[in-house]
Amino acid sequence: MIRVQGLTKRYARHVAVDNISFEVQKGQIVGFLGPNGAGKTTTMRVLTCFLPPSEGKAEVAGFDVVEQPLEVKKRIGYLPETPPLYPDMEVEEYLAFVGRLKGIPSASLARRVSEVCERCAVADVRKKLIAKLSKGYRQRVGLAQAIIHNPDVLVLDEPTSGLDPKQIIETRELIRDLAGDHTIILSTHILSEVETSCQQVIIINKGRVVATDSFSNLTNRLRGAEAIAVEFASSVPAAEAAGRFGQIPGVSRVVPREPRHDRHVVEIEMPSGSGVRAEVARLVVNSGWELYEMRSVGFSLEEVFLQLTGSPEQVAPVAAAAEGGAQ
Amino acid sequence: MNNIINIFQKEIKGYFASPIAYFLLAFFALLFGYFFYSAVAFFTVQGIQSQMMGRSMPMDVNDWVIRPLLSNASVIGLFLIPLITMRMFAEEKRSGTIELLLTSPVRDYEIVIGKFLAAWVLYACLLAVSGLNIAALAFFGQPDWKPVLVGLLGLLLQGGALLAIGALISTTTRNQIIAGGATFAICLLLWVLDWVSAYEQAAWAKAVSYLSVVQHFEPFSKGVIDTKDVVYYATLVFFGLFLTTRSLESLRWRS
């Protein structure tokens, strides 16, 4: 649905996007992840025909953004970082204006406006001036505006920024809801957002793509392993206990964590699919320790992100603790 | 065409849903009303005096009242036009709504023409106020209506030319004050360009004074439609809007 090849965007003094390529299949939700200033917004602006690329090609639904911008624009819905709203307009009036702008025939316009109002939960403020709406409502009106012409592709630039936690959850649910009919690209620097709503992640840093994969593949590939956290009570010091776990065949790494309620917590990593878990449980019981909890832990996206975008000082403590634990 | 109408409607609603249109109308009505009152009062006093001195020549209300009034209206327009155009694109750029317009399946010239027509209609509403004042003269005399209509047509054309320039300037900044100030400065300059003809007769002075908007309004206020003046205003409108469209396009690679 979206194909980007060797896209580069240069401004007068710096390169915002440097030779990136990726593809998005129909119906997918893709998270565009990166720190501020990584080039997310620039890439989105190229896709929506707001900016022309300096080099490279971008295609949306089979149309080139430079050659056939009007065709692309018909098929794309875009929510910029600040929703493009006219404060002097009523919600309904605004959506009708955008609908006509996107080429919805006037016969079906009123019906379409009602539909998106329902869908984005703004029906109760239809007659209100946009200037009087709260931030959450404005964001949802922005979303309604993006989907009004039922586009094939939705481009959402930080759709949850500045919302309160309840609104964030509602917005995410709405986005997941929309996924069936639309291909969605959403950008964010909030990692959990990608974790909860996206099937695929494109991580971008300093204008380059550092990784493209599904979220679970990404974490697995980086770790090549699974990990469990074990919480137990024991008179043995944590470091010594960790050492004993380390002697179990198949365990690749043991990381002592912060104790909880005077109970030790260690994280144990192992190759995926190995039968080490049973051994770990047996060791705890045979040593006479009290097992309180044993659960799988995923690699948090924060760790993945920092590893990929390379901020060594933040990853270092984890590695240091791991070395200490394995001795 | 639908797109032009859509944008035109949105702009007109924008002017009339906010205080802008009413402020401009009130401002214009106040100033023009004062000018009208002075002109009529002066005319009356002059009329009485000339009667007392025994002059039998009737004074012409077109020459004494309407012509100077139309010139005054064009000066008021000079002040109001920057207020109309300053937000045209600057506001869209500042609030980010320009991103909506430029990522919608609409051609750039459709946006420009829609916005320009709306501003022009607002300006025509202002002129209608002046027309209302002048129409009141019909109760007290028999003015010749043809020069009045031609004069209003001239004002409309002149307004169109200056609005096109204002539109162009508004695309270059996201700051409304800069857009308004620069438009005012350019309009004023176009106004006073013909001052050179007062002290210089060389060819360059003639060329410069030809560029002055006020030069081309003179014949209209006398009731004369000269093709050369119509062409001058039409050129300014066309060229201004053409450059506006180009400037809007260039936002894509300059921003």
Side-chain angles (χ1 to χ4, degrees), chain A residues 9-12 16 41-42 44-54 60 63 65-66 68-90 93-94 96-106 109 129-131 142 145-146 148-149 151 155 157, chain B residues 1-24 84 87-115 118 122 171 174 176 245-255:
Chain A
K9 176 72 197 173
R10 272 183 227 102
Y11 290 116
T41 299
T42 302
M44 292 186 147
R45 285 182 164 173
V46 171
L47 283 177
T48 53
C49 310
F50 185 68
L51 292 177
S54 310
V60 175
F63 296 98
V65 293
V66 179
Q68 293 158 296
L70 281 182
E71 295 302 316
V72 172
K73 288 175 186 176
K74 276 181 202 161
R75 289 165 178 78
I76 213 161
Y78 178 38
L79 172 61
E81 201 173 339
T82 39
L85 306 174
Y86 294 103
D88 289 339
M89 284 190 180
E90 288 168 8
E93 190 187 349
Y94 169 74
F97 166 68
V98 178
R100 278 191 296 266
L101 207 58
K102 306 281 183 184
I104 298 176
S106 45
L109 187 64
L129 274 184
I130 289 174
Q145 162 273 127
I148 191 150
H149 54 309
V155 177
D157 198 352
Chain B
M1 195 60 207
N2 281 336
N3 289 329
I4 295 178
I5 295 170
N6 188 24
I7 288 176
F8 170 79
Q9 282 175 343
K10 177 226 134 200
E11 287 290 307
I12 282 285
K13 274 189 206 155
Y15 285 128
F16 284 92
S18 68
I20 298 171
Y22 306 103
F23 165 76
L24 291 176
I84 299 178
R87 66 190 275 284
M88 205 183 255
F89 289 97
E91 173 67 11
E92 304 255 12
K93 284 173 79 174
R94 197 192 54 76
S95 72
T97 44
I98 194 78
E99 238 172 311
L100 170 67
L101 295 181
L102 294 185
T103 59
S104 292
V106 183
R107 291 185 173 81
D108 291 347
Y109 71 81
E110 294 173 326
I111 302 174
V112 171
I113 292 175
K115 279 177 169 280
L122 176 60
T171 55
R174 56 175 52 208
Q176 291 194 32
T245 310
R246 286 283 145 166
S247 169
L248 195 61
E249 246 174 64
S250 77
L251 289 183
R252 297 168 192 276
W253 46 265
R254 275 192 300 133
S255 63

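Just so it is clear, the values below take in all heavy atoms, side chains as well, and ignore hydrogens, waters and symmetry mates. Keep in mind the model is a prediction, meaning the values are calculated, not measured. Order of the sequence lines sets the chain letters (A, B, ...), proteins ahead of strands, with each chain counted from 1.
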How long is the span from the [atom1] atom in [X] to the [atom2] atom in [Y], to the nearest 0.5 Å?
X	Y	atom1	atom2	result
A:Tyr94	B:Thr97	OH	OG1	8.0 Å
B:Glu99	A:Thr41	CD	OG1	8.5 Å
A:Tyr86	B:Glu91	OH	CD	9.5 Å
A:Leu70	B:Arg107	CG	CZ	4.5 Å

Check: A:Lys73 side chain, B:Leu102 main-chain N or O, donor-acceptor pair, under 3.5 Å: yes
Check whether [X] gets within reach of chain B through its side chain, its backbone, both or neither, counting any heavy atom under 4.5 Å.
X	result
A:Phe97	both
A:Glu93	side chain
A:Glu81	neither

Measuring only between side-chain heavy atoms, which start at C-beta, is B:Lys10 closer than 4.5 Å to A:Met89? yes
Considering non-hydrogen atoms only, spot the tightest contact between B:Thr103 and A:Lys102 and give its length. O-NZ, 3.9 Å
Taking all non-hydrogen atoms of both residues into account, name the closest pair between A:Pro84 and B:Gly96 and its distance. CB-O, 3.9 Å
Among A:Leu79, A:Leu101, A:Val72, which has the most heavy-atom pairs under 4.5 Å with chain B? A:Leu101
Checking heavy atoms, do the side chain of B:Glu92, its backbone, both or neither come under 4.5 Å from chain A? side chain
Measure B:Asn6 against the heavy atoms of chain A and call it side chain, backbone, both or neither at under 4.5 Å. both
